[in-house]
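Proteins come first, then strands; the chains are lettered A, B, ... in the order of their sequence lines, and each starts at number 1.
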Amino acid sequence: DAKTTQPPSMDCAEGRAANLPCNHSTISGNEYVYWYRQIHSQGPQYIIHGLKNNETNEMASLIITEDRKSSTLILPHATLRDTAVYYCIVRVATQTGANNLFFGTGTRLTVIP
Amino acid sequence: DAGVTQSPTHLIKTRGQHVTLRCSPISGHKSVSWYQQVLGQGPQFIFQYYEKEERGRGNFPDRFSARQFPNYSSELNVNALLLGDSALYLCASSFRVGQGHQPQHFGDGTRLSIL
């Protein structure tokens, strides 16, 4: 599975866009990029995923570079409730059909009032 | 709709004891995965089960075992507990496994403390 590299921490002003980068330079063609976040004392929460194209849902947008070696998660209008650890994960289905998620240490995003 | 539910929420054990953690997946989900999250680190994959069969195993000792029942709920068992087993144990469910988009939905975990 491809490894991901994320900055350990970032700050963002409330109401501004939060842009969280992720490098996954060894990603393979069939590997999806997933983003999860974990708010203190809770389980990880699915945010968004993508394979090749940019994606948008009610929570965030995901921008994947054309060579797929990096991506950016965008929270368009950050609120205090978005303070969390954000994980960028590259997931592949194994020959046994498993869909393991390999988490790194993530980016701790702090939204500042 | 109910999400992934785990029990108990907190548990205190002593070294050498055995523990069983339980997980009920989201209704309709047939795959359950277990993760261990040590303080300050991201979750680490332990097992994935689908249709009662083990489909994946992480780098954990044989003291860790799991099973999935016909109703798709699951148990994680850990024998001969060590201090290092103190962690948040997370369960995640997904509809199926294999290729394609398969988001895993997590419960809030069981906090296991070993004294």
Side-chain angles (χ1 to χ4, degrees), chain A residues 1-9 20 22 28-53 55 57-60 62 64 84-109, chain B residues 3-6 9-10 21 23-26 29-60 66 68 87-111:
Chain A
D1 288 326
K3 293 182 179 179
T4 60
T5 304
Q6 300 177 254
S9 64
L20 292 91
C22 178
S28 298
N30 64 342
E31 292 180 330
Y32 283 81
V33 178
Y34 278 78
W35 283 83
Y36 282 75
R37 72 180 182 183
Q38 189 171 25
I39 297 171
H40 183 63
S41 298
Q42 296 181 19
Q45 176 190 22
Y46 165 77
I47 301 173
I48 199 167
H49 77 284
L51 184 62
K52 297 180 181 179
N53 302 317
E55 302 288 345
N57 63 19
E58 65 279 4
M59 291 183 65
L62 174 60
I64 302 175
V85 177
Y86 287 76
Y87 294 99
C88 169
I89 300 162
V90 174
R91 183 200 68 86
V92 65
T94 69
Q95 291 181 347
T96 61
N99 300 125
N100 314 338
L101 297 178
F102 288 88
F103 290 79
T105 53
T107 295
R108 182 172 298 278
L109 174 69
Chain B
V4 176
T5 57
Q6 294 187 244
T9 55
H10 295 83
L21 310 180
C23 171
S24 293
I26 292 172
H29 284 192
K30 299 180 179 180
S31 175
V32 169
S33 297
W34 288 95
Y35 294 80
Q36 180 196 65
Q37 186 172 26
V38 174
L39 193 63
Q41 298 182 16
Q44 300 299 307
F45 171 73
I46 311 175
F47 288 110
Q48 185 178 48
Y49 277 77
Y50 176 64
E51 293 281 16
K52 296 171 286 182
E53 292 185 359
E54 182 184 301
R55 292 301 187 100
R57 173 187 287 254
N59 188 25
F60 280 81
Q68 187 177 33
L88 179 68
Y89 288 85
L90 295 159
C91 174
S93 75
S94 61
F95 178 64
R96 57 184 174 89
V97 297
Q99 298 290 342
H101 170 43
Q102 299 294 341
Q104 294 189 14
H105 300 274
F106 286 79
D108 286 336
T110 294
R111 174 75 61 189

Problem set entry | Minimal non-hydrogen separation, A:Pro44 against B:Leu90, with atom names | CD-CD1, 3.8 Å
Seminar exercise, completed: Rounding to 0.5 Å, atoms CD (A:Gln45) and CG (B:Asp108) come to a distance of 10.5 Å
For this session: Below 4.5 Å from any heavy atom of chain A, which atoms of B:Glu53 appear? Answer side chain, backbone, both or neither.
Result: neither
Problem set entry | Interface moiety of B:Gln41 toward chain A, non-hydrogen atoms closer than 4.5 Å | backbone
Problem set entry | Contacting moiety of A:Gln38, where chain B heavy atoms sit under 4.5 Å | side chain
Exercise. What pairs meet the salt bridge (Lys or Arg N to Asp or Glu O under 4.0 Å) rule with one or both residues in residues 35-50 of chain B, with sequence neighbours excluded?
Worked result: none
Exercise. Within a radius of less than 6.0 Å around CG of B:Asn59, do more than 12 heavy atoms belonging to other residues, nucleotides or ligands occur?
Worked result: no
Exercise. How would you list, by chain and number, every residue that makes a ring pair (Phe, Tyr, Trp, His ring centres under 6.0 Å) with B:Tyr35, sequence neighbours excluded?
Worked result: A:Phe103, B:Phe45, B:Phe106
Problem set entry | Between A:Leu51, A:Leu101, A:Thr105, the one whose heavy-atom pairs under 4.5 Å with chain B are most numerous | A:Leu101
Seminar exercise, completed: Applying a strict 4.5 Å limit to non-hydrogen atoms, the region of B:Gln6 in contact with chain A is neither
